[in-house]
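The block underneath contains the structure these notes are about, expressed in structure tokens.
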Amino acid sequence: MMIMKTLWGKMLAAACCVFCFAFCSGCAQFQRDEEPQYDVVTVVDQLVIDENSVPIFPKKAALTTDTARRFAIDLPKRCKVDWNNQSVVSVVPEEKIEIVRLGTGDPLPDLQVSDYEFTKLTVKQALDKLLDGTDIAVVEDEDLIEKITGSIQSGSLADAVELMAKMGKAYYSYDAAAGELHLDHRAKWLVKMPRDESIIMALLDAMHGADMRNLLVDWQDKTVTFEGNYQTEREVAKIISDIASKKYMLAWDIDVYRVYPRTDNPIVWMNLLPAFGDKNIKMSIPGVVGRALVVSPEINTKTLQEFLAQQSNVVLISQGTFVIPNGWQSRFDIGQCGKEERLETDLIIGATAKYGDYGGRKKIDAKIVLRTSQGELTSFNIPSNVGDNYVIIGIPTHSFVTTPETLVSPFAELVVFMSPRVISIVDAQKTPAQMTPLYGDALRNFLSE
């Protein structure tokens with residue numbers, strides 16, 4: 001009996017151990033199942049970053065964004081060239097360009113001035129003396145220190161005030177309700193432009209070439225509004241006068257390429273001669289940096305790219321056109337018409353040119369300047385015939401690198417293709433047939449005139 005109790009006790013103890021082990025195992029498994037699962041997180045600058053985090057950006061200054069700053073209505077007109085339908089000579093009708101000053105105020109009283117003299121007085125002092133005894137007060141909106149001397153024998157008050165204001169390089173406006181004659185150094189004007197877009201572009205480019213940037217262009221009404229001082233007015237008046245008196249305008253269609261050689265060697269430009277023949281390379285003009293080639297129409301954007309593709313990868317980085325009055329200057333901003341933000345975005349191509357007699361021959365006499373915000377990079381004086389093209393070569397891309405090191409190959413270079421055009425301005429009474437682009441015999445007759 002004792003033996004059976006002992007055996008039963010041992011069996012019961014073993015069963016309890018098994019049960020306790022199973023229970024403990026179950027508890028352990030339960031605890032493992034109940035343990036929370038943590039995501040892996042990243043800590044950056046003491047901020048926890050995970051898939052649900054909201055991006056945090058540094059505060060930006062209140063500046064116009066780049067894409068908004070580069071917005072311009074004229075870019076589709078300026079930044080596109082139809083190389084398949086290019087005419088080296090085109091004809092446009094002559095149209096009147098008018099400039100009107102804005103903000104002149106009310107008309108002055110209909111008074112007469114006679115036997116009035118003034119000596120070494122400011123405009124305000126001269127007008128105070130003239131208007132002494134009237135109800136009109138003279139107010140200077142800016143300090144006018146220019147001294148004027150003169151005399152008026154007879155004339156209207158409006159003519160006398162206009163004369164004295166011009167002598168002092170000032171502008172006036174009259175407020176009849178307040179009885180005040182305001183004087184200022186600056187004024188606002190409206191230019192009524194012609195309908196032809198070539199002339200509009202010439203006017204705008206000439207004004208840009210004169211460093212005028214505050215231009216408001218209404219392409220629907222064909223008007224330009226600008227502000228400036230006496231010198232600004234004179235510059236614009238001269239541009240308008242020149243455009244009205246010129247028989248020609250000049251335009252350039254431009255492609256700008258970045259060329260990457262496929263090997264650790266530069267582009268072998270001498271291969272142009274066997275590729276196209278020496279008769280198609282008319283002139284070679286060295287600059288401080290680079291070289292300008294005057295070439296025949298056989299070398300155009302298509303054939304030039306085919307030649308370059310044999311030695312390199314060619315990327316078009318900018319394309320566009322600009323127009324200038326004959327004898328004036330203008331500029332083409334590569335970044336404005338750039339395909340994207342690039343090293344060369346800062347580059348400007350400036351041009352001054354005249355079409356006419358050149359040693360007894362009709363030529364385009366041009367000066368082409370490449371410059372950045374750091375100053376002039378290079379320049380070329382280029383006389384050429386109508387129909388010739390320019391190819392500017394040998395401008396290292398490293399000229400535009402601002403960092404000590406770069407991934408750009410030292411043999412990468414900028415290549416500029418420029419095709420000049422002549423725009424002939426004719427009497428508006430000419431028939432439409434006489435205003436079509438010139439080709440064949442008509443072009444030869446035009447060039448021989």
Side-chain angles (χ1 to χ4, degrees), residues 96-193 203-204 206-218 223-245 325 327-329:
K96 183 180 179 181
I97 304 173
E98 186 180 357
I99 180 170
V100 179
R101 198 188 136 210
L102 303 174
T104 56
D106 302 311
L108 283 163
D110 187 14
L111 301 175
Q112 295 297 308
V113 176
S114 61
D115 300 324
Y116 178 64
E117 295 184 357
F118 45 95
T119 304
K120 293 183 179 180
L121 299 177
T122 65
V123 178
K124 183 179 186 306
Q125 290 168 343
L127 288 173
D128 280 336
K129 180 181 175 182
L130 174 66
L131 298 172
D132 187 30
T134 69
D135 294 330
I136 301 174
V138 182
V139 180
E140 276 187 330
D141 293 335
E142 284 186 292
D143 290 335
L144 304 173
I145 61 175
E146 191 91 14
K147 298 292 182 69
I148 60 175
T149 298
S151 63
I152 299 173
Q153 299 301 318
S154 64
S156 68
L157 176 61
D159 289 341
V161 173
E162 181 73 21
L163 173 64
M164 287 186 280
K166 282 186 175 180
M167 291 176 67
K169 300 178 180 178
Y171 300 97
Y172 78 90
S173 61
Y174 179 57
D175 185 343
E180 294 178 342
L181 185 68
H182 290 261
L183 299 174
D184 204 328
H185 264 309
R186 299 179 65 82
K188 182 182 290 188
W189 292 270
L190 177 74
V191 180
K192 299 177 182 178
M193 299 185 293
L203 176 63
L204 294 177
M207 294 173 76
H208 288 149
D211 285 331
M212 298 177 198
R213 290 290 172 266
N214 57 339
L215 305 178
L216 301 177
V217 184
D218 188 326
T223 59
V224 178
T225 304
F226 69 96
E227 295 183 29
N229 56 20
Y230 184 76
Q231 184 63 31
T232 307
E233 181 190 10
R234 291 189 63 182
E235 287 280 350
V236 175
K238 190 172 188 308
I239 292 171
I240 292 173
S241 175
D242 269 17
I243 290 178
S245 64
W328 277 81
Q329 66 177 354

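- Glu142 places a side-chain N or O within 3.5 Å of a backbone atom of His185 that can act as its donor or acceptor partner.
- For the pair Lys192 and Thr223, the tightest heavy-atom approach, listed with the atom from each and the gap, is CA-CG2, 4.4 Å.
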Steps toward side-chain contact (heavy atoms from CB on, under 4.5 Å) verdict (Lys238, Trp328): CA-CA 11 Å; Lys238 190 172 188 308; Trp328 277 81; 4.0 Å; yes
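- Taking 4.5 Å as the limit, some side-chain heavy atom of Lys147 sits within range of a side-chain heavy atom of Thr122.
- Atom CG in Asp218 sits 8.0 Å away from atom OG1 in Thr225 (nearest 0.5 Å).
- In this structure, the side chains of Glu146 and Val123 stay at 4.5 Å or more apart for every pair of heavy atoms.
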Residues 129-140 side chain polar contacts: donor-acceptor under 3.5 Å, at least two apart:
| unit_1 | atom_1 | unit_2 | atom_2 | d |
| --- | --- | --- | --- | --- |
| Lys129 | NZ | Glu117 | O | 3.2 |
| Thr134 | OG1 | Leu131 | O | 2.7 |
| Thr134 | OG1 | Ile136 | N | 3.3 |
| Glu140 | OE2 | Leu144 | N | 3.4 |

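- Around CZ of Arg234, the count of heavy atoms belonging to other residues, nucleotides or ligands within 6.0 Å does not exceed 12.
- With sequence neighbours excluded, no residue forms a side-chain hydrogen bond (donor to acceptor under 3.5 Å, both in side chains) with Ser173.
- Separation of atoms OG1 (Thr232) and CZ (Arg186) is listed at 6.0 Å; rounding is to 0.5 Å.
- Side-chain contact between Met193 and Val224 is present, with at least one heavy-atom pair separated by less than 4.5 Å.
- When all heavy atoms of Tyr174 and Pro107 are compared, the pair lying nearest together is CD2-O, 3.4 Å.
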Show which side-chain atoms of residues 154-169 pair as donor or acceptor with protein atoms under 3.5 Å away, not counting sequence neighbours.
| unit_1 | atom_1 | unit_2 | atom_2 | d |
| --- | --- | --- | --- | --- |
| Ser156 | OG | Asp159 | N | 3.2 |
| Ser156 | OG | Asp159 | OD2 | 3.1 |

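- Asp141 and His182 are linked by a side-chain donor-acceptor pair at a separation below 3.5 angstrom, with hydrogens and angles left out of the test.
- For Asp106, the side-chain hydrogen bond (donor to acceptor under 3.5 Å, both in side chains) test picks out no residue, with sequence neighbours left out.
- Exactly one residue among Ile99, Leu203, Val191 makes a side-chain contact (heavy atoms from CB on, under 4.5 Å) with Ile239. That residue is Leu203.
- In this structure, Leu121 CG and Leu127 CG are separated by 10.0 Å, a value rounded to the nearest 0.5 Å.
- Shown here are the ring pair (Phe, Tyr, Trp, His ring centres under 6.0 Å) partners of Phe226, two or more places apart in sequence or in another chain: Trp189.
- The ring of Tyr116 has its center closer than 6.0 angstrom to the ring center of Phe118.
- Every residue meeting the salt bridge (charged side-chain N to carboxylate O under 4.0 Å, His left out) condition with Asp128, not counting sequence neighbours, appears here in chain and number order: Lys124.
- Contact annotation: the side chain of Leu108 approaches that of Leu181 to within less than 4.5 Å [non-hydrogen atoms, C-beta and beyond].
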